[in-house]
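Inspection log for the structure reproduced underneath, given as structure tokens.
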Amino acid sequence: MYKSKTIFCDIDGTLIKHHGSLSKQLLKKPEILKGVLEKLDEWDRKCYNIILVTGRKESTRKITEEQLSSLGIVYDQLVMGIAGGPRYLINDLKFSNPETKTAIAINLPRNKGVSDVEI
């Protein structure tokens, strides 16, 4: 049986251009990276659960949501305040299908966008 996939995706430098400090990120007009809308639309049509994560402080939630909305970025959940260091996803293997990887990481160059990501 097929189960929907969950995608955890960073915002700054992955979906929108990274401008440096948080204050610069909030003051500059956000610039969506190439192919982002098309890829998010593809994942949304496939009913993937899109969870955006960011190191931005919880106190910037409103402006972050406004920026994402103004760019047409769709998502299911927004998790804020995630540290900028390495991020680990830990998941269990399923008894019914132990050879299927349940945690996968994709690292992209900053400001490249997600257009070439295949899931």
Side-chain angles (χ1 to χ4, degrees):
M1 173 171 57
Y2 175 77
K3 300 216 180 204
S4 182
K5 297 176 181 177
T6 298
I7 298 170
F8 292 88
C9 190
D10 186 44
I11 297 173
D12 298 313
T14 306
L15 300 180
I16 64 177
K17 186 172 182 180
H18 191 279
H19 291 290
S21 69
L22 178 58
S23 59
K24 287 181 184 175
Q25 208 59 33
L26 297 175
L27 293 174
K28 284 189 163 265
K29 182 178 180 200
E31 300 172 55
I32 196 160
L33 296 172
K34 182 181 175 187
V36 165
L37 288 181
E38 294 81 3
K39 186 57 72 170
L40 289 173
D41 182 58
E42 173 189 326
W43 294 340
D44 188 51
R45 282 184 282 108
K46 291 179 177 179
C47 297
Y48 292 175
N49 189 20
I50 301 168
I51 301 174
L52 301 185
V53 298
T54 181
R56 295 179 181 202
K57 297 179 180 302
E58 182 64 38
S59 61
T60 67
R61 179 173 289 275
K62 183 177 178 188
I63 191 168
T64 299
E65 289 173 338
E66 289 170 355
Q67 286 181 340
L68 295 170
S69 177
S70 74
L71 294 170
I73 293 177
V74 299
Y75 59 94
D76 295 291
Q77 293 179 48
L78 174 60
V79 180
M80 303 192 69
I82 304 293
R87 299 166 182 175
Y88 298 87
L89 174 61
I90 301 171
N91 205 2
D92 66 320
L93 294 172
K94 308 303 182 225
F95 287 125
S96 62
N97 201 357
E99 64 278 352
T100 298
K101 291 182 181 179
T102 58
I104 300 165
I106 300 169
N107 288 281
L108 302 172
R110 178 166 280 170
N111 294 332
K112 180 181 182 297
V114 295
S115 61
D116 294 333
V117 173
E118 293 299 326
I119 297 190

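Here, residue 1 is the first one in the sequence, and each next residue gets the next number. Nothing here was measured: the structure is a model prediction, and the numbers come from that model.
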So, taking the atom named CG in L71 and the one named CG in L68, what distance separates them when rounded to the nearest 0.5 Å? 7.0 Å
All heavy atoms of P30 vs all of S70, minimum pair found to be CG-OG, 4.3 Å
How about NZ on K34, more than 12 heavy atoms from neighbouring residues, nucleotides or ligands closer than 6.0 Å, or not? no
If every non-hydrogen atom of G113 is compared with every non-hydrogen atom of V36, which pair is closest and at what distance? CA-CG2, 4.4 Å
ILVMFWY cluster, F8 and I50 together (side-chain gap under 4.5 Å): no
Is any side-chain heavy atom of L78 closer than 4.5 Å to a side-chain heavy atom of I11? yes
Under a 4.5 Å side-chain heavy-atom rule over Ile, Leu, Val, Met, Phe, Trp and Tyr, are V74 and V114 clustered together? yes
Where the side chain of N111 meets the backbone of H18, is there a donor-acceptor pair that is under 3.5 Å apart? yes
Are any side-chain N or O atoms of T102 and backbone N or O atoms of D92, one a donor and one an acceptor, separated by less than 3.5 Å? yes
Using side chain to side chain contact (heavy atoms under 4.5 Å, CB included), reason through K17 and L33 one step at a time and then give a plain yes or no. CA-CA 6 Å; K17 186 172 182 180; L33 296 172; 4.1 Å; yes
Spacing of L52 atom CG and E65 atom CD [to the nearest 0.5 Å]: 10.5 Å
For R61, is there an ion pair with E58 - N to carboxylate O distance below 4.0 angstrom? yes
Taking every non-hydrogen atom, the tightest pair across A103 and N91: CB-CB, 4.1 Å
Do H19 and E31 have side chains that get closer than 4.5 Å, going by heavy atoms? yes
Okay, side chain of D76, backbone of I51: is any donor-acceptor separation there less than 3.5 Å? no
Can you hop from I16 to V53 via hydrophobic side chains spaced under 4.5 Å? no
Main-chain N/O of V117 paired with K39 side-chain donor or acceptor, under 3.5 Å: yes
Transitive ILVMFWY side-chain link L15 to I106, under 4.5 Å: yes
What one should report as the nearest heavy-atom pair of D10 and T54 is OD1-CA, 3.9 Å
Approximate separation, where rounding is to 0.5 Å, of K112 NZ and T14 OG1: 11.0 Å
Could you measure the distance from the OG atom of S4 to the CH2 atom of W43? Nearest 0.5 Å is fine. 12.5 Å
Between the CD1 atom in I119 and the NZ atom in K46, the distance rounded to the nearest 0.5 Å is 8.5 Å
Spell out, yes or no, whether I73 and V79 are grouped together once hydrophobic residues are joined by side-chain heavy atoms under 4.5 Å, including indirect joins. no
